[in-house]
S.K.: 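Dumping the structure here so I can ask a few things about it.
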Amino acid sequence: MPKASKSKRRSVPVTARSAAGAAVPLPPIHVEGHEKVIIDTQSLASLPLVGKLGKSSTETRRRINHFHTLIKEYSKLAAVRAKAPAPEIDEKIECVEREMAQMGGLDWYQKASLLGQCKSRGGDTSRWLVPKLRDLGLHKRGNKLRLLDVGALSCLNYAKERAWVDVVPIDLNSQEPGIYQQDFLDIGKQAADKQAGDGEDDDDDDISHLFKAPFDVVCLSLVVNFIGDPVRRGDMLKQATRLLAPDGLLFLVLPLSCVTNSRYLDDERLLAIAQHLGLEKLSIHHTAKLAHYLYRLSRPATGPTEEDDGQFKKKMLHSAPGRNNFSIVI
Ligand SMILES: C[S@@+](CC[C@H](N)C(=O)[O-])C[C@H]1O[C@@H](n2cnc3c(N)ncnc32)[C@H](O)[C@@H]1O
């Protein structure tokens, strides 16, 4: 059974009251050098499931979107606080934290997202990817495809393809025994820490062997938009290219509005970012709600370097009113 890996980041835990008035743990704030501050969604997992799953898919979607807004707000406020702490910022942060807690935290969010994957609501996005992999003839390859499913809500997504696909499903908060609890952005860091004698010496928790060989496919389905900080969204794409084998595939899924209604991102810009990271476009498909992308790593998988940073800053592309601010920064 997979075990949770341990986080080594500094945290400042806080508490608040649940709707029922009981004290509940709230997300610690992690300060990771370079003034980057993120919400530690792992800690949201410990919140009790007090939130309701919507009666209709529209209601569930509305609540999921609101949870995304809270994550973004939290990231922004935490970044302000890291630079210039002030009591009014603390108050605003507590307010956001309280609301997330009242909704049920990450556990509620994941259960609501899983509901969105029901067949009656369109199924999970692997059903789009599998025919593409078959079209590429990858089901006939001699050795099985190694596929890293990031933000996996179920370990059964590729069960029908088990004869030719070996899946490593990971999530910040594992919902099933078959899903490894692992922060995608920490892959590689733990092994480096250990080598430097800095890591915790608990071999039972060590799943680093799973990430030693490169992956043929990395799936980032509805995960990049989960992150509130545009730089960390860029870090996710960079990390994916680092983990891919030569000619490996990146499967990216974003809510459609991230590319059709954003001031800072559209398909063209996303393609420029992907190409900059050594990825070439194989396929794009928009549905009423989602944008699917399949890219292939077309240059040696050495991964992007520090020099890549600063190449794709937040740039206004569409200034019409009513647009959202979703962006990816490299
Ligand atoms: C909306 S769910 C996506 C579920 C599924 N992949 C899909 O396509 O429906 C987003 C998931 O990504 C996970 N996640 C977000 N950041 C992550 C990270 N850095 N490492 C691993 N999982 C992450 C969250 O915990 C959450 O379960």
Side-chain angles (χ1 to χ4, degrees), residues 2 4-5 7 9 27 30 32 36 38-47 53 57 60-61 63-72 74-75 100 104-119 121-130 147-158 167-176 178-190 207 210-211 217-240 242-243 250-256 258 287 289-293:
S5 62
S7 167
R9 296 177 293 199
H30 287 295
E32 296 195 315
K36 272 187 205 163
I38 58 152
I39 188 168
D40 178 2
T41 35
Q42 269 191 42
S43 64
L44 286 175
S46 57
L47 296 175
L53 298 175
S57 58
T60 305
R61 173 67 24 218
R63 290 168 67 82
I64 286 177
N65 286 343
H66 186 59
F67 199 83
H68 285 158
T69 307
L70 292 175
I71 290 176
K72 275 183 259 165
Y74 182 101
S75 295
M100 282 197 280
L106 180 60
D107 200 46
W108 168 84
Y109 172 84
Q110 288 180 313
K111 287 184 169 77
S113 300
L114 201 51
L115 196 69
Q117 289 189 353
C118 290
K119 261 192 188 157
R121 294 182 177 182
D124 74 275
T125 56
S126 65
R127 293 307 99 197
W128 182 84
L129 176 63
V130 168
L147 183 150
L148 179 62
D149 192 7
V150 183
L153 295 180
S154 164
C155 58
L156 297 177
N157 283 347
Y158 297 89
V167 187
V168 177
I170 62 166
D171 199 285
L172 287 176
N173 176 47
S174 169
Q175 285 281 342
E176 291 177 3
I179 298 170
Y180 297 92
Q181 191 145 311
Q182 169 72 47
D183 186 332
F184 175 60
L185 290 170
D186 279 351
I187 295 176
K189 277 191 202 155
Q190 286 138 343
I207 55 166
L210 292 170
F211 311 110
V217 186
V218 172
C219 300
L220 292 176
S221 170
L222 299 174
V223 177
V224 172
N225 58 295
F226 179 91
I227 307 286
D229 176 358
V231 175
R232 288 180 67 84
R233 292 181 192 139
D235 288 346
M236 281 210 145
L237 298 185
K238 287 199 262 175
Q239 174 76 319
R242 276 192 204 103
L243 295 172
L250 170 63
F251 175 47
L252 175 69
V253 181
L254 293 171
L256 189 65
C258 292
T287 63
K289 288 182 184 154
L290 300 179
H292 305 70
Y293 303 88

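Sequence positions, counted from 1, serve as the residue numbers for this chain. Quick caveat: nothing in here was measured; it's all calculated off a predicted structure. Just follow the structure's listing: the first ligand is 1, and inside any ligand the first atom is 1.
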S.K.: Can you see which heavy atom on L220 is nearest to which on L250, and at what distance?
M.R.: CD1-CD1, 3.9 Å

S.K.: Polar-atom distance check: G151 versus ligand 1, any N or O pair below 3.5 Å?
M.R.: yes

S.K.: Kindly give the heavy-atom pair with the smallest separation between F67 and L106, and that separation in Å.
M.R.: CZ-N, 4.1 Å

S.K.: Would you say ligand 1 has an N or O under 3.5 Å from any N or O of N173?
M.R.: no

S.K.: Got a donor-acceptor contact below 3.5 angstrom from the S221 side chain to the V253 backbone?
M.R.: no

S.K.: By the definition ring pair (Phe, Tyr, Trp, His ring centres under 6.0 Å), identify the one residue from W128, Y293, Y158 that meets it with F251.
M.R.: W128

S.K.: Tell me whether D171 reaches ligand 1 (any heavy atom closer than 4.0 angstrom to a ligand atom).
M.R.: yes

S.K.: Could you check which of V224, L172, I227 puts a non-hydrogen atom nearest to atom 22 (N) of ligand 1?
M.R.: L172

S.K.: Which of the atoms in ligand 1, numbered in the order shown and given with their element, are less than 4.0 Å from a heavy-atom of T125?
M.R.: 8 (O)

S.K.: Does at least one non-hydrogen atom of D183 fall below 4.0 angstrom from an atom of ligand 1?
M.R.: yes

S.K.: Would one find an N or O of S221, backbone or side chain, under 3.5 Å from an N or O of ligand 1?
M.R.: yes

S.K.: Where is the tightest heavy-atom contact between A152 and P169, given as atom of each residue plus distance?
M.R.: CB-CB, 3.7 Å

S.K.: Please answer whether the main-chain N or O of S154 pairs with a side-chain N or O of E176 as donor and acceptor at a distance below 3.5 Å.
M.R.: no

S.K.: Between ligand 1 and F184, is the shortest N or O to N or O distance under 3.5 Å?
M.R.: yes

S.K.: Not counting sequence neighbours, which residues clear ring pair (Phe, Tyr, Trp, His ring centres under 6.0 Å) with H68? List them please.
M.R.: Y109

S.K.: Do any heavy atoms of Q182 fall under 4.0 Å from ligand 1?
M.R.: yes

S.K.: Identify, by atom number and element, the atoms of ligand 1 in contact range of L153, meaning under 4.0 Å from any of its heavy atoms.
M.R.: 4 (C), 27 (O)

S.K.: Show me which atoms of ligand 1 lie under 4.0 Å from any heavy atom of F226.
M.R.: 15 (C), 16 (N)

S.K.: Please report the shortest heavy-atom distance between R127 and N157, naming the atom on each side.
M.R.: NH2-O, 2.7 Å

